[in-house]
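In what follows, a structure is listed as structure tokens, so that the remarks can point back to it.
For the numbers below, each heavy atom of this structure counts, side chains included, while hydrogens, waters and symmetry mates do not.
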Amino acid sequence: MTAQNRTFHEAAVDRYFEAWNARDAEGRAKAVAAAWTEDGSYTDPLADVAGHEGVAAVIGAAHEQFPGFVFRPLGAVDGHHGVARFGWELVSEADGSAPVAGFDVVTLDEDGRIRAVHGFLDRVPAGA
């Protein structure tokens with residue numbers, strides 16, 4: 001699918017993954033600002049933060065815990081009325097293993113920026 005054919009919801013989720021896959025602090029800060037509203041939040045069983053700095057810190061911590069891994073979507077984005085849901089997994093670039101997987105529901109503003117993420121973890125390694 002070309003960028004012009006992306007839906008409002010798919011484009012927002014693309015920006016979400018750009019933020020989660022940004023590896024350096026400067027790139028992450030820019031990607032988070034592009035994807036989230038200033039007071040946007042991220043909540044999952046392990047984190048509950050708001051604002052660009054808080055979201056960027058959670059993403060940075062994930063990269064510290066899982067160096068050499070990337071986030072990728074699982075399946076299609078389903079969206080309506082400024083709400084989208086999608087699956088994802090955290091994949092090793094070295095061997096393709098995916099020890100972490102989850103499902104997120106995001107609410108968007110009228111410009112497609114994230115107001116809130118409600119994350120669910122479906123697969124987590126023991127001791128994580």
Find out if a path of hydrophobic residues (ILVMFWY) with successive side-chain heavy-atom gaps under 4.5 Å connects [X] to [Y].
{"X": "V49", "Y": "W20", "value": "yes"}
{"X": "F69", "Y": "L46", "value": "yes"}
{"X": "F8", "Y": "W36", "value": "yes"}
{"X": "F120", "Y": "I114", "value": "no"}
{"X": "I59", "Y": "V91", "value": "no"}

Taking the side chain from [X] and the backbone from [Y], do they hold a donor-acceptor pair closer than 3.5 Å?
{"X": "H118", "Y": "D44", "value": "no"}
{"X": "R28", "Y": "N21", "value": "no"}
{"X": "H9", "Y": "L108", "value": "no"}

> What are the two closest heavy atoms between A50 and D39, and how far apart are they?
Replying inline: CB-O, 4.2 Å
> Can you name the nearest heavy-atom pair linking P125 to V100, along with the distance?
Replying inline: CD-CG2, 3.5 Å
>> Assess whether a salt bridge exists between R23 and E93, defined as any Lys/Arg side-chain N lying under 4.0 Å from an Asp/Glu carboxylate O.
In response: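 A salt bridge links R23 with E93.
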> Does the pair E110/R115 count as a salt bridge with the N-to-O cut at 4.0 Å?
Replying inline: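 Counted as a salt bridge, because a side-chain N and a carboxylate O are separated by less than 4.0 Å.
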> Any side-chain heavy atom of F103 within less than 4.5 Å of one from D122?
Replying inline: yes
> Out of S97, P99, P67, which one pairs with S92 under the side chain to side chain contact (heavy atoms under 4.5 Å, CB included) rule?
Replying inline: S97
>> If you apply the rule side-chain contact (heavy atoms from CB on, under 4.5 Å), what do you find for V106 with V83, and how did you get there?
In response: CA-CA 6 Å; V106 300; V83 178; over 6 Å; no
Could you grab the distance from atom [atom1] of [X] to atom [atom2] of [Y], nearest 0.5 Å is fine?
{"X": "E10", "Y": "D78", "atom1": "CD", "atom2": "CG", "value": "10.0 Å"}
{"X": "T43", "Y": "D48", "atom1": "OG1", "atom2": "CG", "value": "4.0 Å"}
{"X": "T37", "Y": "R113", "atom1": "OG1", "atom2": "CZ", "value": "6.0 Å"}

> CZ of R85: more than 12 outside heavy atoms within 6.0 angstrom?
Replying inline: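 Counting other residues, nucleotides and ligands, CZ of R85 stays at 12 neighbours or fewer.
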> Does the ring-ring contact (aromatic ring centres under 6.0 Å, His included) test come out yes or no for F17 and F86, once each step is laid out?
Replying inline: CA-CA 11 Å; F17 281 105; F86 55 93; 5.7 Å; yes
>> Tell me if the aromatic rings of Y16 and W88 count as close, with their centers under 6.0 Å from one another.
In response: no
